[in-house]
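Each remark here refers to the structure printed beneath this line.
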Amino acid sequence: MNTDLVVVGSGLFGLTVAERAARELGLKVTMIDRRPHLGGNAYSENEERTGIEVHRYGAHLFHTSNERVWEYVNRFTQFTNYVHRVYTRHQGEVYPMPINLGTINQFFRSAYSPGEARELIREQAGELAGTDPQNLNDKGIQLIGRPLYEAFIKHYTGKQWQTDPKDLPASIISRLPVRYTYDNRYFNDTHEGLPVDGYTAWLERMADHPNIDVRLDTDFFDDSQEFSKASVVGQVPVVYTGPVDRYFDYAQGDLSWRTIDLEEEVLDIEDFQGTSVMNYPDEDVPFTRIHEFRHFHPERDYTKDATVIMREFSRFAEKGDEPYYPVNTSLDREKLLAYRDLAKGESSVLFGGRLGTYKYLDMHMAIGSALSMVDNKIAPHFTSGAPLTSGGVDE
Ligand code: FAD
Ligand code: UDP
């Protein structure tokens with residue numbers, strides 16, 4: 001087999017491993033993906049009629065405070081100065097998200113100072129003061145009090161995860177900042193922006209190296225193709241970034257995932273909602289949010305005759321759906337531990353990325369974790385013969 005390393009999946013995890021292995025370690029890499037394009041979920045393309053760049057698998061905003069990752073991604077693309085801001089439409093009114101002093105004052109029809117607002121929320125969260133909530137419902141109430149929680153979080157989360165917030169881990173809501181200023185930036189990170197000439201140009205540049213052979217429309221579990229699981233495992237080291245339960249033929253049961261359905265519409269107007277993302281936190285609206293892609297690139301000279309919007313609906317993934325978000329119930333965590341044990345037995349396979357580790361990874365986290373895998377496992381193996389795996393699934 002004329003390759004040193006097989007990478008399964010060409011998302012940002014696989015691309016980073018392939019790029020580093022080829023450029024830094026001089027390895028011959030074969031990267032396969034079952035989709036007809038590379039880039040995984042960060043892939044985008046220009047909508048045909050309008051030329052507006054559309055993120056095919058849901059809106060992707062790049063942000064990081066990791067200097068190493070920021071330096072790394074800037075080798076392949078420049079970033080615009082786009083700053084993400086989200087609004088939310090509750091009972092016929094539009095509020096800024098994440099919850100900040102503007103949201104609080106608008107909601108309570110008041111003009112609280114930061115200190116007064118803190119005091120109010122402290123009172124409203126009083127029922128859970130001093131506790132350490134483990135589930136999203138209690139954590140949400142503790143963070144912002146019950147009225148704001150019920151207006152902006154409870155039903156949005158219920159729609160998004162199709163799970164009672166009492167059965168979801170508190171960590172999901174900890175991703176969202178709560179601010180006692182009028183700062184309504186969505187992310188807190190040092191660096192933020194969108195790739196100047198689009199995601200796909202960035203992702204293709206990562207794979208553009210003579211030592212990287214990309215094979216699309218190629219499923220790792222299709223035994224008829226050259227780089228299938230049956231033909232490569234044990235013959236050549238593999239970095240696998242597909243779903244971990246699929247790798248083991250669901251032997252320990254299915255892990256639960258959430259998927260999204262995106263309903264795209266081209267409208268013959270210049271501007272539909274005046275901003276890139278509008279959330280819909282009310283129970284009676286079936287979708288969670290609407291994206292309007294022109295607003296991600298105000299610097300571009302897009303047509304004024306039309307705009308592209310996408311309504312996002314969320315549901316449980318079934319076999320055959322794209323697994324997008326790990327649901328992570330306690331039963332899932334038990335199964336994951338069993339899969340990690342199985343992974344320990346695969347001495348020439350490293351599991352990485354969002355699907356391979358069953359973790360909610362943002363792009364910068366996927367890239368950072370891939371760089372660590374190259375440093376800690378792949379480089380020592382190829383330069384000094386260290387065993388490839390020392391415990392299976394990368395934690
Ligand atoms: P993926 O991008 O999922 O790539 C995995 C690849 O493996 C896929 O291309 C898949 O086709 C391939 N594959 C799977 N099984 C097989 C097989 N059997 N054979 C061959 N190939 C296979 N991150 C942010 O930083 N900001 C955001 O705003 C953001 N928004 C997101 C919105 C949505 C809806 C989703 C789902 C994710 C979002 N993310 C965001 C996360 C981001 O997409 C991930 O961090 C990134 O995709 C991780 O890359 P990955 O390589 O681990 O996985
Ligand atoms: N969330 C919410 N209301 C909102 C926005 C977010 O309840 O208007 C909750 C929801 O549970 C979501 C979590 O906060 O899963 C994290 O939000 P984020 O926007 O980071 O989620 P993503 O869209 O990246 O999955």
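Order of appearance sets the numbers: ligands from 1, and atoms from 1 within every ligand.
Residues Y57 and H37 bring their aromatic ring centres within 6.0 Å. Annotation: F152 is in aromatic contact with F107 [ring centroid separation under 6.0 Å]. Taking the ring centroids of H297 and Y82, they lie at or beyond the 6.0 Å cut-off. The aromatic ring centroids of H63 and Y186 lie 6.0 Å or more from each other.
In this structure, R311 is positioned above the aromatic face of F287, its NZ or CZ under 6.0 Å from the six-membered ring centre and within 45° of the axis. Cation-pi geometry between R35 and Y43 is not satisfied (NZ or CZ under 6.0 Å from the ring centre, within 45° of the ring normal). Cation-pi geometry between R205 and F76 is not satisfied (NZ or CZ under 6.0 Å from the ring centre, within 45° of the ring normal). For the pair R20 and Y72, the NZ or CZ position fails the cation-pi test of under 6.0 Å to the six-membered ring centre and within 45 degrees of the ring normal. Both cation-pi conditions hold for K319 and Y250: the charged atom is under 6.0 angstrom from the six-membered ring centre and inside a 45 degree cone around its axis.
The closest protein non-hydrogen atom to atom 2 (C) of ligand 2 is Y156 CD2, 3.2 Å. Protein heavy atom in closest approach to atom 49 (O) of ligand 1: L12 N, 3.7 Å. In this structure, the protein non-hydrogen atom closest to atom 12 (C) of ligand 2 is Q160 OE1, 3.0 Å. In terms of protein heavy atoms, atom 13 (N) of ligand 1 is closest to R34 NE, 4.1 Å. Counting protein heavy atoms only, atom 41 (C) of ligand 1 is closest to L361 O, 3.4 Å. For atom 18 (P) of ligand 2, the nearest non-hydrogen atom of the protein is Y186 OH, 3.6 Å. The protein heavy-atom contact nearest to atom 24 (O) of ligand 2 is R175 NH2, 3.0 Å. Of all protein heavy atoms, the one closest to atom 7 (O) of ligand 2 is T157 OG1, 3.0 Å. In this structure, the protein non-hydrogen atom closest to atom 10 (C) of ligand 1 is D33 OD1, 3.6 Å. Nearest protein neighbour of atom 22 (P) of ligand 2, counting heavy atoms only, is Y360 OH, 3.1 Å.
Near I260, with a cut-off below 4.0 Å to any heavy atom, the atoms of ligand 1 are 34 (C). The atoms of ligand 1 that sit less than 4.0 Å from any heavy atom of D219 are 17 (C), 18 (N), 19 (N). Close contacts of ligand 2 with I153, meaning ligand atoms under 4.0 Å from a residue heavy atom, involve 2 (C), 3 (N), 7 (O). Taking every heavy atom of R35 and a limit of under 4.0 angstrom, the matching atoms of ligand 1 come to 9 (O), 11 (O).
In the model, E346 has no side-chain atom that pairs as donor or acceptor with a side-chain atom of T389 under 3.5 Å. Side-chain polar atoms of D271 and H295 form a donor-acceptor pair below 3.5 angstrom. Using modelled atom types, one finds a donor on one side chain and an acceptor on the other under 3.5 Å when comparing S10 with D33. A donor-acceptor contact closer than 3.5 angstrom is absent between the side chains of S372 and D375. For N328 and Y358, the side-chain atoms include no donor-acceptor pair closer than 3.5 Å. For the residue pair S65 / D189, a side-chain donor-acceptor distance below 3.5 Å is found, with atom types taken as modelled. Side chains of S44 and E53: a donor on one and an acceptor on the other come within 3.5 Å. Between the side chains of T275 and R85, not a single donor N or O lies within less than 3.5 Å of an accepting N or O.
E93 and R109 are joined by a salt bridge, as a carboxylate oxygen and a charged side-chain nitrogen come within less than 4.0 angstrom of each other. With respect to the salt-bridge test (charged N to carboxylate O, under 4.0 angstrom), the residues K159 and E312 do not qualify. In summary, R122 and E119 engage in a salt bridge, as defined by a charged side-chain N under 4.0 Å from a carboxylate O.
Considering backbone and side-chain atoms alike, Y57 places every N or O at 3.5 Å or more from each N or O of ligand 1. Considering backbone and side-chain atoms together, L355 places no N or O closer than 3.5 Å to any N or O of ligand 1. Of the polar atoms of T88, none of the N or O atoms is found under 3.5 Å from an N or O of ligand 2, judged by distance alone. Residue F152 has at least one N or O atom closer than 3.5 Å to an N or O atom of ligand 2. Where the criterion is an N or O separation shorter than 3.5 Å, residue side chain and backbone included, P243 fails it with respect to ligand 1. Looking at ligand 1, you won't find any N or O of H63 less than 3.5 Å from one of its N or O atoms. Inclusion of G242 in the set of residues having an N or O under 3.5 Å from an N or O of ligand 1 is not warranted. An N or O contact shorter than 3.5 Å links M363 to ligand 1 by distance. Between A59 and ligand 1, an N or O atom pair is found at a separation short of 3.5 Å. Here's the thing with V8: none of its N/O atoms is less than 3.5 angstrom from an N/O atom of ligand 1. Annotation: N279 places an N or O atom under 3.5 Å from an N or O atom of ligand 2; distance criterion only. Ligand 1 has a nitrogen or oxygen under 3.5 angstrom from a nitrogen or oxygen of R354. Annotation: H60 places an N or O atom under 3.5 Å from an N or O atom of ligand 1; distance criterion only.
Listed by chain and number, the residues in a side chain to side chain donor-acceptor pair (under 3.5 Å) with T64 are H364 (sequence neighbours excluded).
Counting heavy atoms under 4.0 Å from ligand 2, residue L176 touches it through the side chain alone. No part of K154 comes within 4.0 Å of ligand 2, judged by heavy-atom distances. Contacts between L15 and ligand 1 below 4.0 angstrom, taking non-hydrogen atoms only, are absent altogether. Heavy atoms of I173 found under 4.0 angstrom from ligand 2 belong exclusively to the side chain. In F187, neither the side chain nor the backbone holds a heavy atom less than 4.0 Å from any atom of ligand 2.
Contact between F221 and ligand 1 is present, with at least one heavy atom of the residue lying under 4.0 Å from the ligand. For T218, the closest heavy-atom approach to ligand 1 falls below 4.0 Å. Distances shorter than 4.0 angstrom occur between a heavy atom of R289 and an atom of ligand 2.
If you check each of Y325, Y360, Y324 against atom 32 (C) of ligand 1, the one with the closest non-hydrogen atom is Y325. Compare D217, L61, L203 by their heavy atoms: the one nearest to atom 27 (C) of ligand 1 is in L61. Distances from atom 47 (O) of ligand 1 to the heavy atoms of N41, L262, L194 put N41 nearest. Nearest to atom 4 (O) of ligand 1 by heavy-atom distance, out of G14, G11, G356, is G11.
Side-chain heavy atoms closer than 4.5 Å link hydrophobic residues (I, L, V, M, F, W, Y) into clusters, and following such links, possibly through other members, connects M97 to F108.
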